[in-house]
Amino acid sequence: MAAQVAVANGGGAGPAAAAVAVVPAPAPAAPGGVTQPLPTTSLYVGDLEANVTDSQLYELFSQAGQVVSVRVCRDVTSRRSLGYAYVNYSSPMDAARAMEALNFAPLNNKPIRVMYSNRDPSSRRSGSANIFIKNLDKTIDNKTLHDTFSAFGAILSCKVAMDDIGQSKGFGFVQYEKEESAQSAMKSLNGMLINDKPVYVGPFLRKQERDNSFDKAKFNNVFVKNLSESTTKDDLVKVFSEYGTITSAVVMIGMDGKSRCFGFVNFESPDDAARAVEELNGKKINDKEWYVGRAQKKSEREMDLKRRFEQSMKDAADKYQGQNLYLKNLDDGITDDQLRELFSNFGKITSCKIMRDQNGVSKGSGFVSFSTREEASQAAH
DNA sequence: CATGAGCGT
C-alpha cells in the first residue's frame, strides 16, 4: 500500500497512482544493432544477512514459482558471503511474481532487496535517476516507500535506511530506471506531506559531490582569523575594500577588551566575497598568515564541530581497540600504582586507572591500557 | 539531522 500523500499546505490531491511496474524496459541496442534482452528470469538478491544460505533462498523463492537455480555469491578463498545472490526462474512470470512478493522479505531478520540481474554496470556506476528522501515518517517502511514512489515510474532499487534493530532512520533512496521518473518524483513529491510529515526529495549526491556544490554556493559574509592583535576593523576595511563594496566589517573583541584575532567582513556582492577569499586566504599580513573563508552560519559551525568531535571519539576508539583491559573484582585497597606494577611485565602501559566513587572509594574495577593490542591480549591470558 | 550498495556460473 502506498502512503497517504498530501500537499504540504493541506490542499490538492496526491499524484494519481500508477500500476507497479515489474518488467524492466527493453535493453538499449548493443553495438552492431543487435538488441541484448535483459534476462527477465534472473534475479539479483542483495542486502543479505551474512549467514543466509542457498537453501533458505531456495525455500523462500520457490513460493513464487519454479526455481531453476540459486546461488549465494561467496569470496573465493574465505567462502564468506558477499551479501548477494542470484535466483533463476525458467518463467519470466514467476520472476516477476517473486520480485513483487519477495522484495523486502526478511531473511534472518534483515529485509532482502530483489532486482532483476543486470550485468551491465553502467547504471550502477553513473548513479543516474537516483534520488534521496529525508524527513520520512518512521512508520514508512521499504514497501510503502516503494509503492509511493513507483507512481512516477519503474524502480530499480529502493530502500529505507534502518538502524541495527530494524527501525527506520527517517531517510531512504530510490533509483529509477529512467531519469524522467526521478525528475518527476522530485518535482511532485518534494515538500509534500507523507503521513503528515513534509519530505525532502532531491537528487542523490555522494558526500564529495555535496561538499563541492556547497563550496560553489553563493555567500556574502567572509570569516577572517589569525589576525594580529593590533589589527582593527579599519584595517580589515582597508584590505578587503580592494575586492569590492563592503557593507560591514568587524573584529571580535573579548571580555577583556582585547581582540579575539578574528572577524567578519560582509560584501555587497557574493562574487567579490568569493574573490576576496580566493586572493586573501593564506596571505601574510602584519606577520600573520590570515585564514580567510566563507563565514559559516551558527548551525553549520555547530554541525562541523559535532562531526569533528565524533570523528575524534571514533579515532580514539579505533586506536585503543583491543589495547584496553577492563578489570573487576579488584581488592578495594589496590591503587593505580599497584595495578601498574602488577601488569608492567606484559608490556608498556599507557594508562592505568582504578574506578572510584565521589568519595574516592574503589569500585573494585579499573582499566589498564597497553601500547599494543598484542601486549593487552597477553596480559589477558 | 540524515545522501547505500550493487551483478555469477
Stacked pair A/Tyr44-B/dG6, distance under 5.5 Å, angle under 30°: no
Presence of donor-acceptor pair under 3.5 Å, side chain of A/Gln175 and base of B/dG6: yes
Below 4.0 Å: OP1/OP2 of B/dG4 and any side-chain N or O of A/Arg206: yes
Test ring pair (Phe, Tyr, Trp, His ring centres under 6.0 Å) applied to A/Phe104 - qualifying residues, sequence neighbours left out: none
Sugar-phosphate, base or nothing in reach of A/Tyr84, heavy atoms under 4.0 Å: sugar-phosphate
Minimum side-chain heavy-atom gap A/Phe223-A/Tyr291 below 4.5 Å: yes
Result block: side-chain N/O donor-acceptor pairs under 3.5 angstrom for residues 246-264 of chain A, not counting sequence neighbours:
from	atom 1	to	atom 2	distance (Å)
A/Thr247	OG1	A/Asn266	O	3.3
A/Thr247	OG1	A/Asn266	ND2	2.9
A/Asp256	OD1	A/Lys258	N	3.0
A/Ser259	OG	A/Cys261	N	2.8

Interface with DNA chain B, restricted to residues 49-62 of chain A and to heavy atoms under 4.0 Å: none
Touch class at under 4.0 angstrom, heavy-atom based, for A/Pro121 against every strand present: nothing
Sugar-phosphate, base or nothing in reach of A/Asn130, heavy atoms under 4.0 Å: base
Nearest-nucleotide pick for A/Phe132, side chain only, options being B/dG6, B/dT9, B/dA2: B/dA2
Donor on one side chain, acceptor on other, A/Ser42 and A/Asn88, under 3.5 Å: yes
Sugar-phosphate only, base, or nothing, as touched by A/Asp163 at under 4.0 Å among non-hydrogen atoms: nothing
Sugar-phosphate only, base, or nothing, as touched by A/Arg113 at under 4.0 Å among non-hydrogen atoms: base
Aromatic stack A/Phe204/B/dT3: centroid gap under 5.5 Å, interplanar angle under 30°: no
A/Asp271 side chain to A/Ser269 side chain, donor-acceptor N/O pair below 3.5 angstrom: no
Phosphate-side-chain proximity, A/Arg210 and B/dT3, N/O vs OP1/OP2 below 4.0 Å: yes
